Asker: 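The structure that follows is given in the form of structure tokens.
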Number of protein chains: 2
Amino acid sequence: MREPAKHSTRTKILIAAATLLGEDPTSRLSVRTVAARAGVSVGSLRHFFPTQQALIDTVIAGIYDLDIPDDPMQDTTSDPSDRLVACLQLLLSQVGTGERARDHWRAIHDVYVASPPSADATHAFVALERLNVHRIARWLSTMRDEGALAPGDVDVQARFLSTVVNGLSLERALPGDRERLAFEVHTLRTAADSVLQRRT
Amino acid sequence: MREPAKHSTRTKILIAAATLLGEDPTSRLSVRTVAARAGVSVGSLRHFFPTQQALIDTVIAGIYDLDIPDDPMQDTTSDPSDRLVACLQLLLSQVGTGERARDHWRAIHDVYVASPPSADATHAFVALERLNVHRIARWLSTMRDEGALAPGDVDVQARFLSTVVNGLSLERALPGDRERLAFEVHTLRTAADSVLQRRT
DNA sequence: ACCTGAACACCGTTCAAGT
DNA sequence: ACCTGAACACCGTTCAAGT
């Protein structure tokens with residue numbers, strides 16, 4: 001086949017936006033600058049991304065979903081801190097970003113916050129959350145075996161990390177999520193390090 | 001005497017902005033609308049508030065600073081860790097618990113999550129959050145002066161703590177909140193200690 | 001020092017018009 | 001269906017000019 005650089009207009013736009021964001025993470029990604037960089041008219045951009053929010057959500061989601069390996073805990077070659085951060089990022093990735101994150105919290109809200117949840121729904125939620133905490137606790141146990149974990153109750157540490165992930169995933173659904181991107185990894189790092197043995 | 005409405009131009013601007021915000025909490029508070037409502041030129045507005053950010057920050061701060069009880073940070077008799085935990089609990093207490101916490105998140109959801117992120121609401125939200133982080137950062141600066149703070153960027157540490165508080169206040173509105181309450185203080189303690197100088 | 005309003009360089013969105 | 005670019009109604013900031 002070949003069709004060498006036959007990028008669709010949509011793809012060209014996304015590449016242009018990602019490039020601009022790479023050059024300047026604080027870029028506003030305005031219609032005209034993105035369109036110009038993509039070599040496309042603003043009308044054409046609007047055809048694929050009817051609103052500016054749609055464009056930004058799409059490109060941000062693409063960046064988030066770049067590299068997520070599938071069992072970060074097993075990669076014993078890397079730093080314990082790095083591994084734990086990768087695990088937490090895995091949890092975060094399930095919530096998604098932009099409109100997907102909003103969908104996630106919309107569903108949570110409708111079932112558990114909008115009106116008093118049924119006993120069944122409450123039970124399901126608690127079970128799900130327990131599973132989540134348990135998953136984190138298993139990761140922490142691995143680190144404990146390696147002597148990398150700080151002393152303390154693993155369950156308390158796991159709940160703490162769960163809360164941090166909850167906070168971050170919530171913030172992904174709230175305004176300003178794009179600007180917070182740069183701080184997300186720092187927050188995860190701070191959280192991870194606080195349950196790990198302090199470097200001496 | 002009387003001098004009936006002898007408000008200074010600066011005050012008139014702030015009143016106009018606050019009024020607009022009262023009429024519509026998602027108002028963008030643009031230069032022209034605020035200036036028009038205040039019966040003042042945009043140049044005059046700019047004279048007192050050189051930047052739009054300055055205007056918004058000032059009016060938000062005015063609303064925010066209405067009810068701030070005593071600052072736990074001033075109680076130098078207690079442990080730095082205890083003091084920071086008390087400050088974070090202060091933030092948490094504003095959300096309340098149980099039905100009040102659910103009301104809180106219902107409101108947040110309706111404005112920011114239910115309908116696609118309106119660019120109008122975004123500005124107000126970001127300003128409010130910035131103020132919140134700023135408040136935490138001020139507490140951390142105090143601790144830094146005492147040599148109690150761990151090295152690192154204060155803004156990153158403040159954002160981390162803000163995320164933890166967000167996560168906890170969210171969890172207060174979700175099922176299982178009564179059981180989680182017991183872990184809350186542990187989570188706050190873990191978060192606080194992670195930005196404080198490790199005890200030696 | 002305070003205040004004016006025009007001017008500038010942007011912005012997101014819409015839309016008649018082309019292919 | 002895809003694409004164009006002008007037009008519209010905004011935006012924040014600057015600034016010569018007045019008092």
Side-chain angles (χ1 to χ4, degrees), chain A residues 3 5-21 23-61 98-99 102 175-179, chain B residues 3-21 23-61 112 115-128 130-131:
Chain A
E3 306 273 12
K6 192 55 178 298
H7 280 127
S8 70
T9 300
R10 205 188 106 99
T11 303
K12 280 198 293 184
I13 292 168
L14 287 176
I15 289 175
T19 304
L20 286 167
L21 219 53
E23 292 171 6
D24 176 16
T26 72
S27 168
R28 308 231 5 222
L29 295 185
S30 83
V31 238
R32 285 165 183 81
T33 57
V34 174
R37 178 64 73 98
V40 163
S41 71
V42 309
S44 186
L45 192 155
R46 268 294 158 276
H47 179 258
F48 290 101
F49 304 97
T51 189
Q52 203 61 7
Q53 197 63 245
L55 168 66
I56 290 173
D57 278 358
T58 304
V59 62
I60 291 293
E99 194 53 30
R102 249 161 267 132
D177 49 310
R178 202 165 72 72
E179 285 74 11
Chain B
E3 305 274 10
K6 193 54 180 298
H7 283 125
S8 72
T9 300
R10 205 189 105 100
T11 302
K12 280 198 293 184
I13 292 169
L14 286 176
I15 289 175
T19 304
L20 287 167
L21 219 53
E23 291 171 6
D24 175 16
T26 73
S27 168
R28 308 238 2 227
L29 295 183
S30 82
V31 238
R32 284 166 185 80
T33 58
V34 174
R37 178 63 73 98
V40 162
S41 71
V42 309
S44 187
L45 193 156
R46 269 294 160 274
H47 179 257
F48 291 101
F49 303 98
T51 191
Q52 201 63 5
Q53 197 63 248
L55 168 66
I56 291 173
D57 281 357
T58 303
V59 64
I60 294 282
Y112 300 108
S115 52
S118 105
D120 290 356
T122 296
H123 218 75
F125 181 90
V126 169
L128 251 167
R130 198 198 328 266
L131 216 77

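Remember, it's a predicted structure, so these values are computed and weren't measured experimentally.
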Asker: Go through it in stages, so that I can follow the logic: the residues are B:Thr58 and B:Phe48, the test is side chain to side chain contact (heavy atoms under 4.5 Å, CB included), and I'd like the CA-CA distance, side-chain angles, deciding distance and then a yes or no.
Answerer: CA-CA 11 Å; B:Thr58 303; B:Phe48 291 101; over 6 Å; no
Asker: Quick test of your reading: applying side-chain hydrogen bond (donor to acceptor under 3.5 Å, both in side chains), list the pairs with at least one residue in residues 30-39 of chain B, sequence neighbours left out, ordered by first then second residue.
Answerer: B:Glu23-B:Arg37, B:Ser30-B:Thr33
Asker: Does atom CZ (B:Arg10) have a neighbourhood of more than 12 heavy atoms from anything else shown, all under 6.0 Å?
Answerer: no
Asker: Pick the closest DNA chain C nucleotide for B:Thr9 and for B:Arg32 by heavy atoms, then say which residue is nearer the 5' end.
Answerer: B:Thr9
Asker: Quick one: how far along DNA chain D does chain A reach, first to last nucleotide 5' to 3', anything under 4.0 Å to a heavy atom?
Answerer: D:dC2 to D:dA7
Asker: For B:Arg46 and B:Gln52: C-alpha separation, side-chain torsions, deciding distance, then whether side chain to side chain contact (heavy atoms under 4.5 Å, CB included) applies.
Answerer: CA-CA 8 Å; B:Arg46 269 294 160 274; B:Gln52 201 63 5; 2.5 Å; yes
Asker: Could you spell out the base pairing of DNA chain D in dot-bracket, with Watson-Crick or G-U pairs whose two distances are under 3.5 Å, [ ] crossing and | to another strand?
Answerer: ||.|||||...|||||.||
Asker: Is there a side-chain contact between B:Leu55 and B:Thr51 in this structure, where contact means two heavy atoms from C-beta onward sitting under 4.5 Å apart?
Answerer: no
Asker: Could you tell me whether the side chain of B:Val59 reaches within less than 4.5 Å of the side chain of B:Phe49, counting heavy atoms only?
Answerer: no
Asker: Mind running side-chain hydrogen bond (donor to acceptor under 3.5 Å, both in side chains) on A:Ser44 and A:Ser41 for me, showing each step along the way?
Answerer: CA-CA 5 Å; A:Ser44 186; A:Ser41 71; 4.7 Å; no
Asker: Could you pull out the closest heavy-atom pair between A:Leu21 and A:Ser27, with the gap in Å?
Answerer: CD1-O, 4.2 Å
Asker: Regarding B:Val42, tell me which of base, sugar-phosphate or nothing describes its non-hydrogen contacts under 4.0 Å with the strands shown.
Answerer: base
